[in-house]
Peer 1: 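Right, I'll just put the structure down here and ask away after.
We're numbering straight along the sequence, starting at 1. Both ligands and their constituent atoms are indexed starting at 1 by order of listing.
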Amino acid sequence: MTLEPANADSIAEASRILRAGGIVAFPTETVYGLGADATQSEAIERIFAAKGRPSFNPLIVHIGDVSWAEQLAEADPRLYKLARAFWPGPLSLVMRRRKTAALAPMVSAGLDSVAIRWPANPIARDLLNAVQRPLAAPSANLSGTVSPTRAEHVVQSLGDKVDLILDGGPCTVGLESTVLDLTSDAAAILRPGAITAEQIETVIGQLGTAPVSPDAPKSPGQLLSHYAPGLPVRLNCSEAHEGEALLGFGATENATLNLSARGDLSEAGANLFAMLRELDDPSRFRAIAVAPIPDHGLGAAINDRLRRAAAR
Ligand code: TXA
Ligand code: MG
């Protein structure tokens with residue numbers, strides 16, 4: 001494994017590795033992704049193996065321009081409206097896959113759909129432009145653990161399994177993208193993220209509701225215990241019990257760490273995964289108590305991740 005600061009040279013090297021079928025971790029504005037050329041089956045298999053990811057869980061395909069989406073997915077007028085409003089950015093669109101799309105079958109895990117995202121992070125964009133191939137990239141962590149928002153997190157969880165890690169510093173959003181299902185007429189959010197339901201509704205009208213049966217999730221990432229630290233997590237706490245860490249928000253007293261002392265949800269989202277990792281230390285704590293987070297705007301995505309972290 002090599003860890004390199006992201007610059008023109010390391011991005012060119014990453015591009016060569018990806019075109020040759022290797023796997024490279026790179027920053028996006030949401031979380032670090034573990035990328036592979038989405039057209040090469042062996043490269044995609046390496047991603048599933050490195051993450052220990054179940055083969056039924058499909059990958060998001062990252063693109064460098066809206067025109068790439070036209071090659072991968074069947075025509076849908078909502079694509080252009082949403083792309084104009086939110087791309088490049090933290091929104092993944094699940095669309096009907098074109099029969100002719102040059103994608104390794106495992107990317108879609110047997111579904112006839114494909115999730116597509118044009119990321120905003122300039123390093124991710126430069127990399128996609130250099131590779132000129134769609135890159136399948138799940139979060140660069142072991143399956144079922146907290147997503148990485150810094151290059152060090154990738155080193156800790158996947159270091160020896162990755163050909164190259166591009167270090168682009170901390171991710172600005174810090175929560176995985178909103179996943180929006182466009183495979184039926186009623187668009188529905190499968191995973192809440194930084195682009196909120198309210199924002200999407202202003203562009204394409206009212207959303208439907210996603211099926212939420214935990215046994216047959218439409219988006220396998222909806223499996224409840226999916227972003228779990230090792231220690232138990234307790235939610236909506238105003239104080240910690242004996243031996244617990246307290247993750248605060250706003251004016252929480254005696255917080256071990258505070259997601260945002262000024263009560264800013266964007267700051268809290270950017271800090272969430274790094275702080276959960278820092279507190280996930282059995283030599284210091286026996287559990288993590290988390291202060292209540294308002295459920296509006298980005299708070300809905302933060303609370304979604306916290307509920308998953310608390311489920312076991
Ligand atoms: O922000 C993000 O989306 C990050 C960065 C790296 O882009 N990626 C990410 O990937 O979070 P991953 O694999 O950890 O999560 C992808 C989510 C999963 O919940 C998966 O089930 C869902 O997207 N998904 C992917 N393809 C799908 C499809 N065809 N239909 C339904 N859900 C899909
Ligand atoms: Mg993930």
Peer 1: Can you list the atoms of ligand 1 that are under 4.0 Å from a heavy atom of His62?
Peer 2: 5 (C), 6 (C), 7 (O)

Peer 1: Please list, in number order, the atoms of ligand 1 under 4.0 Å from a heavy atom of Ala115.
Peer 2: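 It comes down to these atoms of ligand 1: 25 (C), 26 (N), 27 (C), 29 (N).
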
Peer 1: Could you tell me which non-hydrogen atom of Leu72 sits nearest to which non-hydrogen atom of Ala101, and how far apart they are?
Peer 2: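 Shortest heavy-atom contact: O-CB, 3.6 Å.
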
Peer 1: Tell me if the CD atom of Glu253 is crowded by more than 12 foreign heavy atoms within 6.0 Å.
Peer 2: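 Open: at most 12 neighbouring heavy atoms sit under 6.0 Å from CD of Glu253.
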
Peer 1: Would Arg53 count as a contact of ligand 1 if the rule is a heavy atom under 4.0 Å away?
Peer 2: yes

Peer 1: Indicate yes or no: does an N/O atom of Thr28 lie under 3.5 Å from an N/O atom of ligand 1?
Peer 2: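 Between Thr28 and ligand 1, no N or O pair is found under 3.5 Å apart.
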
Peer 1: Is the closest basic N to carboxylate O distance between Arg117 and Glu29 below 4.0 Å?
Peer 2: yes

Peer 1: Under 3.5 Å between any N/O of Ser113 and any N/O of ligand 1: does that happen in this structure?
Peer 2: yes

Peer 1: Does Glu42 CD have over 12 foreign heavy atoms under 6.0 Å away?
Peer 2: no

Peer 1: Looking only at heavy atoms of Pro119, does any of them come nearer than 4.0 Å to an atom of ligand 1?
Peer 2: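 No, that is not the case, since the closest heavy atom of the residue is not under 4.0 Å from the ligand.
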
Peer 1: Within a distance under 4.0 Å of any heavy atom of Ala137, pick out the atoms of ligand 1 and give their elements.
Peer 2: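 Near Ala137, meaning under 4.0 Å from one of its heavy atoms, ligand 1 has 6 (C), 8 (N), 10 (O).
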
Peer 1: Number the atoms of ligand 1 from 1 as they appear, then name those within less than 4.0 Å of a heavy atom of Ser177, with their elements.
Peer 2: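 With Ser177 as reference, the close atoms of ligand 1 come out as 1 (O), 2 (C), 3 (O).
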
Peer 1: Are side-chain N/O atoms of Glu4 and Thr2 paired as donor and acceptor at under 3.5 Å?
Peer 2: no

Peer 1: Locate the shortest heavy-atom distance separating Ala73 from Ile116; write the atom from each residue and the value.
Peer 2: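 Shortest heavy-atom contact: CB-CD1, 3.9 Å.
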
Peer 1: Give, for atom CZ of Arg133 and atom CG of Leu18, the distance between the pair rounded to the nearest 0.5 Å.
Peer 2: 9.5 Å

Peer 1: Within ligand 1, which atoms have a heavy atom of Asn57 less than 4.0 Å away?
Peer 2: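 In order of number, 18 (C), 20 (C), 21 (O).
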
Peer 1: Any nitrogen or oxygen of Arg191 lying under 3.5 Å from a nitrogen or oxygen in ligand 1? Just yes or no.
Peer 2: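 By distance alone, the answer is yes.
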
Peer 1: Side-chain donor-acceptor pair under 3.5 Å between Ser177 and Ser92, yes or no?
Peer 2: yes

Peer 1: Can you list the ligand 1 atoms lying under 4.0 Å from a non-hydrogen atom of Pro138?
Peer 2: 10 (O), 12 (P), 13 (O)

Peer 1: For ligand 1, note which part of Asp181 has a heavy atom under 4.0 Å away: side chain, backbone, both or neither.
Peer 2: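 For Asp181, no heavy atom sits under 4.0 Å from ligand 1.
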
Peer 1: Under 3.5 Å between some N or O of ligand 1 and some N or O of Ser139?
Peer 2: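 Such a contact does occur with ligand 1.
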
Peer 1: Hey, is the Mg ion (ligand 2) within less than 2.8 Å of some N/O/S atom on Ser139?
Peer 2: yes

Peer 1: Could you list which atoms of ligand 1 come closer than 4.0 Å to a heavy atom of Val94?
Peer 2: 28 (C), 29 (N), 30 (N), 31 (C)

Peer 1: Taking all non-hydrogen atoms of both residues into account, name the closest pair between Leu265 and Leu298 and its distance.
Peer 2: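 Minimum heavy-atom contact is O-CD2, 3.4 Å.
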
Peer 1: If every non-hydrogen atom of Arg150 is compared with every non-hydrogen atom of Ala274, which pair is closest and at what distance?
Peer 2: NE-CB, 3.7 Å

Peer 1: Please identify which atoms of ligand 1 are closer than 4.0 Å to at least one heavy atom of Gly33.
Peer 2: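 Reading through ligand 1 atom by atom, the close ones are 6 (C).
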
